[in-house]
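First up is the structure itself, then whatever we jot down about it.
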4 protein chains.
Amino acid sequence: MEDKRALIRSAAVRAFARKGYHACRVSDIAEDAGVAYGLVYHYFGSKEAVLETVFRETWQAMLDAIQAVEELGEPAPEQVRKVAAIVLRTWRNDPDLVRVLVREVTRSPQLQNEIGEISLAFAALARIIERGKAEGSFRADLDSRLAATMVYGALEEILTGWVMGQLPDSDEDVAAAERAVAATFANGLA
Amino acid sequence: MEDKRALIRSAAVRAFARKGYHACRVSDIAEDAGVAYGLVYHYFGSKEAVLETVFRETWQAMLDAIQAVEELGEPAPEQVRKVAAIVLRTWRNDPDLVRVLVREVTRSPQLQNEIGEISLAFAALARIIERGKAEGSFRADLDSRLAATMVYGALEEILTGWVMGQLPDSDEDVAAAERAVAATFANGLA
Amino acid sequence: MEDKRALIRSAAVRAFARKGYHACRVSDIAEDAGVAYGLVYHYFGSKEAVLETVFRETWQAMLDAIQAVEELGEPAPEQVRKVAAIVLRTWRNDPDLVRVLVREVTRSPQLQNEIGEISLAFAALARIIERGKAEGSFRADLDSRLAATMVYGALEEILTGWVMGQLPDSDEDVAAAERAVAATFANGLA
Amino acid sequence: MEDKRALIRSAAVRAFARKGYHACRVSDIAEDAGVAYGLVYHYFGSKEAVLETVFRETWQAMLDAIQAVEELGEPAPEQVRKVAAIVLRTWRNDPDLVRVLVREVTRSPQLQNEIGEISLAFAALARIIERGKAEGSFRADLDSRLAATMVYGALEEILTGWVMGQLPDSDEDVAAAERAVAATFANGLA
DNA sequence: GATGAATGAGATTTCATTCAT
DNA sequence: AATGAATGAAATCTCATTCAT
């Protein structure tokens with residue numbers, strides 16, 4: 001019944017978030033999903049493929065959301081704010097997922113082949129900043145690739161702070177973080 | 001002869017950098033150091049302890065350097081610039097070390113006990129920003145903890161870009177990155 | 001449609017020949033037959049039963065052919081020649097089948113219960129040789145069981161040479177092999 | 001103490017002989033040798049490598065013995081007799097070893113890379129027969145490769161008969177088999 | 001201090017087989 | 001008859017760690 005594949009996928013997110021990818025056995029995922037562990041192999045082929053799938057499907061959704069922001073054609077600082085909102089609000093929607101992405105995927109030595117997809121996010125941010133330079137919102141001498149890196153880094157570190165329990169993460173804190181990022185880079189890159 | 005302990009320690013940094021902590025076997029470290037792997041246990045006690053030692057000794061040096069900056073009593077934006085310089089220049093000095101710290105330690109689920117030491121760096125940055133607010137360099141409504149997180153995140157992401165080969169890292173690029181971080185946060189936090 | 005059971009049986013021969021019994025998964029058989037693997041169980045009950053069936057049905061046909069030779073009542077050397085012809089020509093008819101019988105069945109530790117059926121072939125050969133002794137074609141002090149073993153071994157090894165690609169196997173080579181076996185044992189056992 | 005590698009090697013022969021290669025677990029070998037199974041990997045690297053080693057080391061010894069026969073320069077039929085003696089007496093010396101070689105190695109699909117070494121034995125037999133043709137002991141129109149195959153097949157099948165318990169194998173039977181092979185091919189190939 | 005043989009817990013993965021549909 | 005999702009026993013292999021020398 002239902003969709004066992006999706007069931008396993010979301011159980012994997014929980015399990016990876018709870019114990020970390022390496023410490024998490026395939027049987028932990030299966031147990032969490034309430035299925036036999038053979039089924040994980042039936043649907044995903046390997047433990048690593050589960051992580052990869054989680055990453056790819058999630059990341060694509062985020063890339064789509066960012067692209068939608070770009071297409072609105074609003075001023076660059078507003079676009080940066082919206083991207084910050086998208087990234088940071090994901091935390092509220094699915095903290096376990098963020099935990100996994102932040103801890104296991106982003107700088108994993110194993111998933112270096114995913115770098116291409118990760119860098120698409122940087123590229124989108126760089127495009128936004130480039131447009132900001134063109135419209136005069138940002139300084140002309142800015143290296144947009146580098147600026148994109150700083151923005152992305154600031155966002156990811158805030159997420160990490162939440163993941164690690166080092167920063168408060170109430171709804172109000174999330175909103176405040178969003179404003180802080182927006183303001184800092186609106187001024188900082190101007 | 002010489003100092004076998006130091007020999008093993010630096011071999012470990014190379015080995016962890018090359019293959020990642022998990023994929024790296026104790027025998028890889030020993031081989032790289034040119035000793036029998038039993039000796040790794042003689043000096044460090046466990047594989048995890050090697051990583052911990054690498055982290056702790058390095059991190060302490062960085063904390064000391066940051067504290068020295070604080071004690072000079074210069075204006076906050078200048079202190080931020082100097083911290084950026086310290087962090088980014090480490091890359092030039094020892095890329096393998098940075099690779100290991102960035103990939104394995106900072107958000108490792110295993111080394112969560114090191115979080116205390118990691119957060120000392122955030123605390124130092126937060127103190128600097130707090131002082132910037134007092135002296136009028138930074139806006140008064142800033143959450144200094146959050147601001148410190150953004151600065152640290154920007155720095156670490158630039159390092160990551162270098163580690164992952166996504167950003168150019170010539171001496172000139174390193175200097176430019178340092179200036180970009182300094183300028184962005186001097187303005188952005190003002 | 002058609003006869004799915006026969007379809008699966010012949011797909012199994014191909015699959016076993018290609019990958020070997022152990023390396024061959026039930027799904028390989030099913031795939032080769034173009035059916036779902038559940039159907040293999042419907043018709044045969046188990047993977048081992050498929051191999052057993054292949055063996056038994058084939059072997060019986062060969063035993064029947066040999067018995068027909070016996071019943072003709074020709075001189076023993078001529079009977080040996082005809083048995084050689086039967087065994088060796090099977091290769092031309094169905095090399096995959098020979099491959100499976102030679103590699104998987106004959107000395108499989110699992111199918112030791114089939115030994116009874118295998119030894120019927122030896123027994124037939126031994127009877128022919130025994131009659132050869134009676135009629136004076138073969139030496140009287142011959143151990144017919146041992147002689148039958150030698151004849152059978154020579155035949156199987158020639159098949160093996162073909163299976164393994166170590167001996168040439170054109171039609172002419174097959175005919176030459178048949179003559180060589182006949183001549184060697186006609187003289188050798190005399 | 002003692003030579004653990006040799007200990008494991010001979011335990012493997014016993015274990016493979018008893019249960020067959022596939023049905024035999026690595027831990028069976030280790031248990032038989034009285035060591036932890038990790039040690040099997042320490043010395044051999046994999047289960048397959050154990051079988052390969054057993055084969056290669058044994059086979060080489062047999063090739064050496066056959067070569068020694070060749071070098072004596074005796075008449076070809078006598079050389080054939082001596083080769084038969086070498087091959088058949090192995091059964092008395094180490095039945096388990098023969099069991100493994102006959103059942104697992106000779107026509108294993110996995111060890112097809114060993115074929116080169118197996119065919120060296122055929123080549124030696126073919127050389128002997130070729131010399132027999134030159135010296136007039138064997139008929140000139142003989143295909144020596146094919147004849148070698150028959151001799152080898154006869155020998156292997158006799159071993160198989162002993163392995164499978166289908167032929168009597170007392171010392172006297174072994175001696176009789178040796179004489180039967182020698183006589184059959186001395187006459188049969190003449 | 002130094003070595004590496006020896007250990008064995010534990011993880012991944014395979015795949016024959018079952019069974020609901 | 002036909003399918004293939006679901007199961008889980010079982011096997012291989014890895015590798016951190018111990019310890020006798």
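Keep in mind that what you see is a predicted model, and the values were worked out from it rather than measured. A, B, ... follow the sequence lines: proteins, then strands. Residue 1 opens every chain.
Using a 4.0 Å cut-off between charged nitrogen and carboxylate oxygen, R9(B) and E57(B) count as a salt-bridge pair.
Distance R25(B) CZ to dT17(F) C1': 15 Å, rounded to the nearest Å. The nearest whole Å value for the distance from the CD1 atom in I29(A) to the C1' atom in dT12(E) is 11 Å. The OH-P distance, from Y41(C) to dC15(E), rounds to 12 Å in whole Å. The OH atom of Y21(B) sits 13 Å away from the P atom of dC15(F) (whole-angstrom rounding). Distance CG (D3(A)) to P (dA5(F)): 12 Å, rounded to an integer number of Å. Rounded to an integer number of Å, the gap from Y43(B) OH to dA16(F) P is 20 Å. Atom pair H22(A):NE2 and dG10(E):P shows a separation of 17 Å (rounding to whole Å applied). Whole-Å rounding puts the L7(B) CG to dG1(E) P distance at 14 Å.
Which of dA11(E), dA1(F), dT7(F) sits closest to the side chain of V35(A) comes down to dT7(F). Among dT17(F), dG8(E), dC13(F), the nucleotide with an atom closest to any side-chain atom of A36(D) is dG8(E).
An OP1 or OP2 oxygen of dG4(F) is reached within less than 4.0 angstrom by no side-chain nitrogen or oxygen of Y37(C). Not one side-chain nitrogen or oxygen of K47(B) sits closer than 4.0 Å to the OP1 or OP2 atom of dT17(F). Between dA2(E) and K4(B), a contact under 4.0 Å exists linking OP1 or OP2 to a side-chain N or O. Distances shorter than 4.0 Å separate none of the side-chain N or O atoms of H42(D) from OP1 or OP2 on dA6(E).
Checking C24(D) against C24(B), the closest nucleotide of DNA chain F that is more toward the 5' end is the one next to C24(D). Between G34(C) and S27(B), it is G34(C) whose nearest contact on DNA chain F lies nearer the 5' terminus. For the pair L39(D) and G38(B), nearest-nucleotide mapping onto DNA chain E gives the more 5' position to G38(B).
Although no hydrogens or angles enter the test, the distance criterion places a donor-acceptor pair under 3.5 Å between the side chain of Y21(A) and the main chain of E48(A). In this structure a side-chain-to-backbone donor-acceptor pair under 3.5 Å is missing from W91(D) to V98(D).
Judged by the 6.0 Å distance and 45° axis criteria, K47(D) is not positioned over the aromatic ring of Y37(D).
When all heavy atoms are compared, the tightest approach of D28(B) to K19(B) is OD2-NZ, 3.1 Å.
Look at dA20(E): its Watson-Crick or wobble partner, with both distances under 3.5 angstrom, is dT3(F).
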